[in-house]
Amino acid sequence: MKLGYPVINLGLGVTSSHTFRLALLSEEKLFNIVRKNLDALEETVRWNIEHNLLFYRISSNLIPFASHLNMDIAWQTKFAPDLARIGQYIKDNHMRISMHPGQFVVINSPNGSVYANSVRELQYHADILDLLQLDSTHKIQFHLGGLHGDAEGSREVFIQRYNALSDAIRSRLVIENDERFASVQECFELSKRCGIPVLFDTLHHEVKNDGETILAGLKKAMSTWGETNGIPMIDYSNQNPYKRVGAHAETIDVEKFRSFVRSLKGKDIDIMFEIKNKEASALQAQIVLEGVRKIF
DNA sequence: GGAAGTCAAGTCTCG
DNA sequence: CGAGACTTGACTTCC
């Protein structure tokens with residue numbers, strides 16, 4: 001079981017999400033910013049390894065405008081050696097990586113340019129993981145996009161478009177239950193039709209479900225992960241008591257996490273803490289996990 | 001240095 | 001019909 005947090009380490013004082021305005025796009029600008037982002041990435045990965053947080057989500061902003069139509073700069077060639085070095089460090093330390101493209105990736109969109117942009121964006125994410133030389137257990141998680149007024153039709157389009165993706169992309173893609181369009185049951189049914197693994201999100205499941213418990217939803221999602229996909233990944237969060245339904249908590253609810261871990265009864269999953277205070281919650285969770293392991 | 005406005009991109013819900 | 005929400009604020013301008 002590996003624990004981690006997404007993208008930014010709040011205590012470290014660096015970020016791998018530096019960007020710039022599209023109007024300023026040039027080779028020099030891009031290379032300078034990407035250099036900063038890669039340095040920050042390496043520093044963050046090192047910190048994570050030192051703290052035994054071996055699950056980490058890399059920023060989609062690592063290479064700004066990477067999938068933009070006007071992008072004709074060969075960043076892949078330029079940064080291949082750096083990414084290979086960082087990837088080797090990741091592999092040497094048995095770290096696992098995920099990525100999560102933004103809401104602009106909607107492969108089932110009825111708008112052809114949205115679809116084309118989505119494929120380019122997914123290709124960019126796959127390129128990063130390929131250049132890190134990580135195998136297909138390192139995943140790209142995304143959602144079913146909008147339903148566009150026709151839920152069944154949009155799922156049909158999703159299956160077709162998913163099947164048409166290159167192996168390089170498809171072998172890394174996993175679908176995450178969301179709080180509006182696709183419950184874990186609906187993701188599970190998509191998985192039965194096209195084989196995509198289902199990444200379970202605990203908070204989304206609390207907001208949208210079909211009556212299953214967290215554990216039942218988790219089991220359903222876990223059953224979709226085959227050998228080549230590695231140990232099932234999940235996103236773990238708590239409801240923010242002061243904000244709208246579905247808003248992520250500022251801090252982890254330690255007791256709730258303890259009872260969740262106990263309920264797992266030894267099931268092996270990798271857990272990403274989507275909690276606002278980032279690495280602080282992941283470290284607290286680690287202490288909980290060590291305590292539970294001593295008991296069992 | 002800090003506050004406010006802006007930034008590639010989609011889709012839906014709410015007020 | 002515009003704002004706000006989403007895995008994630010960062011950059012730029014203005015004072």
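What's counted below: heavy atoms across the whole structure, side chains too, no hydrogens, waters or symmetry copies. We name chains A, B, ... by the order of the sequence lines, and we start the count at 1 in each one.
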Checklist entry - What nucleic acid atoms does A:K243 come within less than 4.0 Å of, heavy atoms only: base, sugar-phosphate, or nothing? => result nothing
Item to check | Between B:dA8 and C:dT13 - P atom distance, rounded Å | outcome: 12 Å
Checklist entry - Looking across every strand, which nucleic acid part, if any, lies under 4.0 Å from A:T15 by heavy atom: base, sugar-phosphate, or nothing? => result sugar-phosphate
Checklist entry - Which of the following nucleotides, B:dT11, B:dG5, B:dA9, is nearest to the side chain of A:P110? => result B:dT11
Next on the checklist: Check this for me: A:K243, atom NZ, are more than 12 non-hydrogen atoms of other residues, nucleotides or ligands nearer than 6.0 Å?
Outcome noted: no
Checklist entry - Does A:H148 put a side-chain nitrogen or oxygen below 4.0 Å from OP1 or OP2 of B:dT11? => result yes
Checklist entry - If you walk 5' to 3' along DNA chain C, what is the first nucleotide with an atom under 4.0 Å of a heavy atom in chain A, and what is the last? => result C:dA5 to C:dT12
Checklist entry - Are A:K219 and A:E212 within salt-bridge range, i.e. N to O under 4.0 Å? => result no
Checklist entry - How many Å lie between CZ on A:R180 and C1' on B:dC12, as a whole number? => result 5 Å
Checklist entry - Can A:F104 be classed as stacking with the base of B:dA9, given a centroid separation cut-off of 5.5 Å and a plane angle cut-off of 30°? => result yes
Next on the checklist: So, under a plain 3.5 Å distance rule, would you say the side chain of A:S113 forms a donor-acceptor pair with the base of B:dA9?
Outcome noted: no
Next on the checklist: Taking the minimum atom-to-atom distance to the side chain of A:Q103, which one of B:dA8, B:dG10, B:dC12 wins?
Outcome noted: B:dG10
Next on the checklist: Check the orientation of A:F200 and A:H205. Use parallel for under 30°, tilted for 30 to 60°, and perpendicular for over 60°.
Outcome noted: tilted
Item to check | Connected-component partners of A:Y242 among ILVMFWY, side-chain separation under 4.5 Å | outcome: none
Checklist entry - How far does the C1' atom of C:dC6 sit from the matching atom of B:dA3, given to the nearest Å? => result 25 Å
Checklist entry - Within a reach of under 6.0 Å around CD of A:E28, are more than 12 heavy atoms found that belong to other residues, nucleotides or ligands? => result no
Checklist entry - So what does A:E274 touch, heavy atoms closer than 4.0 Å: a base, only the sugar-phosphate, or nothing? => result sugar-phosphate
Checklist entry - With a 4.0 Å cut-off on heavy atoms, is A:G102 in touch with a base, just the backbone sugar-phosphate, or nothing at all? => result base
Item to check | Electrostatic pair A:D270-A:K139, nearest N-O below 4.0 angstrom | outcome: no
Checklist entry - Could you write out DNA chain C as a dot-bracket string, with dots for unpaired bases, | for bases paired across to another strand, and Watson-Crick or G-U pairs counted at under 3.5 Å? => result ||||||..|||||||
Next on the checklist: So A:E121, base contact, sugar-phosphate only, or nothing? Heavy-atom distance under 4.0 Å.
Outcome noted: base
Next on the checklist: Using a heavy-atom cut-off of 4.0 Å across all strands, would you classify A:I140 as base, sugar-phosphate, or nothing?
Outcome noted: nothing
Checklist entry - Which whole number of Å gives the distance between the P atom of B:dG1 and that of C:dT8? => result 28 Å
Checklist entry - Looking for any heavy atom pair under 4.0 Å, which part of the strands does A:V7 touch: base, sugar-phosphate only, or nothing? => result nothing
Item to check | Under 3.5 Å: donor-acceptor pair, side chain of A:H143, backbone of A:E176 | outcome: yes
Checklist entry - Touch check for A:H68, heavy atoms < 4.0 angstrom, all strands: base, sugar-phosphate only, or nothing? => result base
